[in-house]
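Below is one structure, written out as structure tokens; comments come after it.
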Amino acid sequence: MRRILVVGRNPFEAAILAASAVAGASLIVAGQRPRSVAEAMPPLLQDTWEIALVLAGVVGLAGIYWPGLPLVGVGAELSALVVLGTATTMYAIALGAISGWQALAAGSFIAAIGVASWWRTALIVRDLRRLARQHDAVEGS
């Protein structure tokens, strides 16, 4: 039977989640927003985007370092990655729409974070489905 590895502490993921929390909190405290966000998003969406960065970072880090029941940690990580994927995708689109080719370098890195978030989300969902199927097979025996 294949081993299922849902839980894992990836240093890249942890670093990105920490950076997300710090960046979001810094934007909120400073009251400053990137030009692309300020021009591409309505004010309520800008506020939501900043809060999403903070929540994704804090909830995601709590999830990957959760000391209790692993499925609770995985659920927190999964929800945080959906939020982070959404926030970074929004930012990448705003960068491209407002700054065009001038934002190619920054936009590429931000888009890569979004892609990685969605990819990890898909991996977790796949592993959870496998785990559920294994559970059903054991229960059915």
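- Ile51 and Val58 fall within the same hydrophobic cluster, where Ile, Leu, Val, Met, Phe, Trp and Tyr residues are linked whenever their side-chain heavy atoms come under 4.5 Å apart, directly or through other members.
- Counting heavy atoms from C-beta outward, Glu13 and Glu77 have side chains that approach closer than 4.5 Å.
- You'll find the side chain of Leu27 stays beyond 4.5 Å of the side chain of Val54, heavy atoms only.
- Side chains of Arg120 and Asn10 form no contact here, defined as non-hydrogen atoms less than 4.5 Å apart.
- Taking hydrophobic clusters as Ile, Leu, Val, Met, Phe, Trp and Tyr residues chained together by side-chain heavy-atom distances below 4.5 Å, Ile93 does not share a cluster with Leu45.
- Remark: Arg129 CZ to Ile124 CD1 distance equals 13.0 Å, nearest 0.5 Å.
- In the hydrophobic clustering of ILVMFWY residues, with side-chain heavy atoms under 4.5 Å counting as a link, Val37 and Met90 come out together.
- For the pair Tyr91/Leu53, no side-chain contact is recorded, criterion being any heavy-atom separation below 4.5 Å from C-beta on.
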Subject >> Test log, rule side-chain contact (heavy atoms from CB on, under 4.5 Å), inputs Trp118 and Leu81 >> reply: CA-CA 7 Å; Trp118 293 116; Leu81 290 172; over 6 Å; no

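- The CG atom of Leu55 sits 9.0 Å away from the OG atom of Ser20 when rounded to the nearest 0.5 Å.
- Between the side chain of Ser79 and the backbone N or O of Ala76 there is at least one donor-acceptor pair closer than 3.5 Å.
- Looking at every heavy atom in both residues, Tyr65 comes nearest to Ala14 through OH-CB, 3.7 Å.
- Going from atom OG of Ser108 over to atom CG of Leu95 covers 10.0 Å, rounded to the nearest 0.5 Å.
- Taking a 6.0 Å sphere around CD of Glu39, one finds it holds more than 12 heavy atoms contributed by other residues, nucleotides or ligands.
- To the nearest 0.5 Å, atoms CG (Leu131) and CG (Asp136) are separated by 10.0 Å.
- Across all their heavy atoms, Ala94 and Ser36 have their closest contact at O-CB, 3.6 Å.
- The shortest distance between side-chain heavy atoms of Leu61 and Ile64 falls below 4.5 Å.
- Residues Ser99 and Arg35 share a closest heavy-atom pair of OG-NH2, 3.3 Å.
- In this structure, the separation between CZ on Arg126 and OG1 on Thr121 is 12.5 Å, given to the nearest 0.5 Å.
- Nearest heavy-atom pair across Ala92 and Ile110 is N-CG2, 3.9 Å.
- Of all non-hydrogen atoms in Thr89 and Gly85, the two that sit nearest each other are OG1-O, 2.6 Å.
- The distance from the CD1 atom of Ile113 to the CD1 atom of Ile16 is 4.0 Å, given to the nearest 0.5 Å.
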